[in-house]
Amino acid sequence: MMNLDLIICPLSKDDDPADFSHFSDTKIVLEIKEIHIHEKIKAVSPHALVLKGNEAGGKVSKYSSFILMQWYLKNTDYPVFIHGGVGRYTAAGMFSAGVSGLVMDSQLLMADEAPVSKNFKTLLAMLDESDSTDITYNGDDIYRVFAKLGTKIVKDLKIKAVELGADPDGKEKLYDLITGHMTAFDSEEAPFIQSLFYLGQDGVFAKDFVKESARLGDIISGFFKTLGGNLNFIDSHDPVKPDSPFAKDQGTRLPLIQGPMANISDSSEFADKILEHGALPFFAVGSLPETLADRMLKDGAEKVPVFGAGLVGIEAFNPMVKKHLDLVKKYKAPYALFAGGVPAQAAELEKAGTKTYLHTPSVSMMENAIKSGCRRFIFEGGEAGGHVGMLSSLVLWEEAVATLINKNYEVSDLYLVFAGGIATCFASFFISGLTSFLAARGAKIGIQVGTAYLFADEIVETRCIKPQYRDILIRENETMVIGKSLGLASRTAPTEFARMMVETEAEMIRNKESLENRKRAFEKKNIGSLLIGAKGFLPDFKNPGPEHYTWFDDEAHREKGNFLVGDGLAFFDGPVTIQKIHDTFFETKAVLYQNLNFLEIFSSPKNKIHDEIAVVGVGCTLPHAQDPETLWENILGKTYSISPMPESRFDYDLYYDPDRSAEDKTYTTLAGHIDDFEFDFDRFGYAEGKEKRLSRSQKMVLQTAYKAVEHAGLLGADNRLACDDPSRTAVIIATCLSNELGNSLQLKYWYPELVSMMEKPMNTRP
């Protein structure tokens, strides 16, 4: 092979790295679907990585692009390109996080130049976000394809993948079956709805990409125009920062919600620690019996100033839902959120004074809720722990944002919370890039985090979970999903219990058991497992009371417990504190600005940053002018501020000589001098007399800088600079003053030499 510019080669944990040393000038890019394969990547020494997430079409990763992106940005220095979930709005988030490029395929299939049939484009125009699914073999080999509910070929292959799970050659047999049934995109006659072909979850973006033009050049141009425009809003409207409008609304320092975790977030002590560190805590009411829910909310209302109640709104899963609504109203919970709720439930609580969020795992649910008057939404992707939806964060977030914009919904009164897989600073940067333009339109933006708190010291100290729960999570770097074929998908740690649940599910499919029987068996085996995992005991449901608990310790706890956790566990290899978790999202913004500067330099014809300096405050200390206003008046009035130096500041005998040829003398006594300067030592924290450690010129510079900050309106109550990011705020000082103390210090060092020279006889001096 000659004259190759680029080779893209897949690399997995089971592959032997290829030798590309003889390709000299050819760029080598590795396609990666896994984490923890540093040594294999290093052996190839590629120029870049393409991270192919679960959202893409074809053979994909078990991880979403969002998780892969965070992992490789955190753990490597390679340029990374994202394949899967790239949309008109998520792209801004990706570049904000620090990615180097994007890969698109399904998104561009409706372009005029795409080599696909008219019938296929007609199908793409009718896609919704649920029309992509995966065929999975033993949890590792995953093929993402198109499927409607009635697409028989995909249903058959899903079952076949399970049946082949026990076959030593099952992996190869499944691949042969898939490739043997593939339908070409350019087929004019194929009944595509009943056909098998690769299509990513991001295929639903295709119709949005051709909204203004189907010409490929126009699509790409419009894409980058939208991308650039949205990035421009980050500086002025970044919503992921302390004291944002969202944070102020919920009475916290940070625009952050702690996700309610079933059987875990039930302690007022833990909730108070979350609030103390700036986030809004939530109690997990879930499907608790009325007495337990009452006790928990009563304790929370008495001990935690601001909190929320996490509710399950589907009566089939939570027979107590009506009782729970009454309890929320009884204890006047400031906030609530519904998983599986309906707009009427949210409206009921809003009317009672509880600000209420709806989980909306699909765009249609969001639109229905908006039309019903709801204004608070949580978009949680499938990377989260516990019960999960089918859409990854990137696809759900893109579809939600695109729908709000394309259909001209008024966003200024919306509260939008993004959740699912948010675990690193790069996720924070991503949300800034994705949502700043919405914040500029008045939307209030927040993030929700759950998994990260499972690693917090405080969650163990307050006995929300047993220490072994955290130990188990620290040992793992991946999750698994149980109940997927039953419509009860739940993300958890890959423990013995979870593997047993998946194998039981598969075995029942192989035995042709009905869906009803499989659901019943799943629910029976799962009952109490969450409580065992979190607390290490199982109550006797017929005989309430701790004296009837069955306790599980050590091995029994590991074997019987269900340890719910999101994909974010991959980023934690030890205990952390709540403060450290919060700092990760809100105290690392300097890297975000570096990413934005890099983009500006890269895209500029002159390879320069185009940032302009805005003068927002001015201070001055000048002769006859202690402030800019007086200086301007002096200029207009032609005030002359030059005069002879007073004898108290100038030794005429020592320095002055009207003879211009006199050595080491000055022939003028005129100068611009300030006679009425007084240093406010108390303002700057100096005890009386201690200010003498500063020279007069240093005092002037300090006080003048203070005036400029005060003039700009950026002076805090503590007399310090009060702005969003002081490290990005410049104070420019112009001074012609010398440093009197510096001069004296220099004289001190030179003094012994001066004395020694004066003591030498005249004839021995140089």
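Everything numeric in this text was worked out from a predicted model, so none of it was measured.
A 4.5 Å side-chain heavy-atom check between T435 and L416 finds every atom pair outside the cut-off. Counting heavy atoms from C-beta outward, T403 and Y409 have side chains that approach closer than 4.5 Å. By the 4.5 Å heavy-atom criterion applied to side chains, K33 and I142 are not counted as neighbours. A heavy-atom distance below 4.5 Å is found between the side chains of I405 and L438. S393 is not listed as a side-chain neighbour of F418, based on a closest heavy-atom distance of 4.5 Å or more. Using a 4.5 Å heavy-atom threshold, the side chains of V240 and F586 count as touching. Considering only heavy atoms from C-beta on, Q70 stays 4.5 Å or farther from F430 through its side chain. A heavy-atom distance below 4.5 Å is not found between the side chains of T584 and V576.
S132 and Q201 make their closest contact through OG-N, 3.4 Å (heavy atoms, listed as atom of the first residue, atom of the second, distance). Taking both residues in full, the closest heavy atoms of A214 and I219 are given as O-CD1, 3.8 Å, listed atom of the first, atom of the second, then distance. Taking both residues in full, the closest heavy atoms of A489 and V481 are given as CB-CG1, 3.8 Å, listed atom of the first, atom of the second, then distance. Annotation for L216 and E113: closest pair N-OE1, 3.0 Å, computed over non-hydrogen atoms. The shortest heavy-atom contact between S412 and K444 is O-NZ, 2.9 Å. Y72 and L49 get closest at one heavy-atom pair: CD2-CD1, 3.7 Å.
Residues Y89 and F437 bring their aromatic ring centres within 6.0 Å. Less than 6.0 angstrom separates the ring centroid of F66 from the ring centroid of W397.
We find the OH-CD1 distance between Y143 and I178 to be 5.5 Å, quoted to the nearest 0.5 Å. If you take CD1 on I234 and OG on S432, they are separated by 6.5 Å, rounding to the nearest 0.5 Å. In this structure, the separation between CD1 on I422 and CD1 on I447 is 5.0 Å, given to the nearest 0.5 Å. With rounding to the nearest 0.5 angstrom, the CD1 atom of I264 is 14.0 Å from the OH atom of Y453. The line from CG of L414 to SG of C374 is 10.5 Å long, rounded to the nearest 0.5 Å. In this structure, the separation between CG on L434 and CG on L394 is 9.0 Å, given to the nearest 0.5 Å.
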Does N595 form a side chain to side chain donor-acceptor pair (under 3.5 Å) with S96? I'd like the steps, not just the answer. CA-CA 6 Å; N595 293 341; S96 297; over 6 Å; no
Quick one, S221 with D218, criterion side chain to side chain donor-acceptor pair (under 3.5 Å). Give me CA distance, side-chain angles, the key distance, then yes/no. CA-CA 5 Å; S221 176; D218 293 339; over 6 Å; no
Passes salt bridge (charged side-chain N to carboxylate O under 4.0 Å, His left out), D567 versus R491? Steps please. CA-CA 8 Å; D567 274 337; R491 189 173 296 282; 3.5 Å; yes
CA sep, side-chain torsions, deciding dist, call: D134, T136, side chain to side chain donor-acceptor pair (under 3.5 Å): CA-CA 6 Å; D134 60 82; T136 303; 2.6 Å; yes
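Shown here are the side chain to side chain contact (heavy atoms under 4.5 Å, CB included) partners of L6, two or more places apart in sequence or in another chain: I8, K27, V29. Every residue was checked against the ring pair (Phe, Tyr, Trp, His ring centres under 6.0 Å) condition with H387, not counting sequence neighbours, and none meets it. Listed by chain and number, the residues in a ring pair (Phe, Tyr, Trp, His ring centres under 6.0 Å) with F209 are F223 (sequence neighbours excluded). Scanning for ring pair (Phe, Tyr, Trp, His ring centres under 6.0 Å) contacts around F120 gives F185, F192, F197, with sequence neighbours left out. Residues satisfying the side chain to side chain contact (heavy atoms under 4.5 Å, CB included) test with D573, not counting sequence neighbours, are none. Under the salt bridge (Lys or Arg N to Asp or Glu O under 4.0 Å) criterion, K13 pairs with no residue, sequence neighbours left out. Every residue was checked against the ring pair (Phe, Tyr, Trp, His ring centres under 6.0 Å) condition with F571, not counting sequence neighbours, and none meets it. With sequence neighbours left out, K355 forms a side chain to side chain contact (heavy atoms under 4.5 Å, CB included) with D249, Y335, E350, R376. The side chain to side chain contact (heavy atoms under 4.5 Å, CB included) test applied to K148 returns D128, D131, F146, T151, I193, not counting sequence neighbours. Remark: D583 engages no residue in a salt bridge (Lys or Arg N to Asp or Glu O under 4.0 Å) (not counting sequence neighbours).
Taking a 6.0 Å sphere around NZ of K211, one finds it holds more than 12 heavy atoms contributed by other residues, nucleotides or ligands. Heavy atoms from other residues, nucleotides or ligands lying under 6.0 Å from NZ of K158 number more than 12. Taking a 6.0 Å sphere around OH of Y175, one finds it holds 12 or fewer heavy atoms contributed by other residues, nucleotides or ligands. The local environment of CG in D77 is sparse, with at most 12 non-hydrogen atoms from other residues, nucleotides or ligands closer than 6.0 Å.
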Can you list, pair by pair, the side-chain donor-acceptor contacts under 3.5 Å of residues 97-105, counting residues two or more places apart and other chains?
{"residue": "D105", "atom": "OD2", "partner": "H83", "partner atom": "NE2", "Å": "2.7"}

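By the 30° and 60° cut-offs, the orientation of the rings of F426 relative to F429 is perpendicular.
In summary, of the residues considered (I257, L280, T252), a side chain to side chain contact (heavy atoms under 4.5 Å, CB included) with F246 occurs for I257 alone.
For residues 379-407, every residue pair satisfying the salt bridge (charged side-chain N to carboxylate O under 4.0 Å, His left out) rule, not counting sequence neighbours, is listed here: E367-K407.
Of the N and O atoms on the side chains of S490 and T492, not one donor lies less than 3.5 Å from an acceptor on the other residue. Counting only N and O atoms by type, the side chains of N406 and D208 include a donor and acceptor under 3.5 Å apart.
Side-chain atoms of N54 never come within 3.5 Å of backbone atoms of S64 as a donor-acceptor pair (strictly under, hydrogens ignored). Remark: the backbone N or O of G566 is paired with a side-chain donor or acceptor of T451 at under 3.5 angstrom. Judged purely by atom type and a 3.5 angstrom limit, S428 uses its side chain to pair as donor or acceptor with the backbone of F585. Distance alone, capped at 3.5 Å, is enough to place a donor-acceptor pair between the E55 side chain and the S65 backbone. K40 places a side-chain N or O within donor-acceptor distance of the main-chain N or O of D15, the cut-off being under 3.5 Å. Checking side-chain atoms of E505 against main-chain N and O of G483 turns up a donor-acceptor pair under 3.5 Å.
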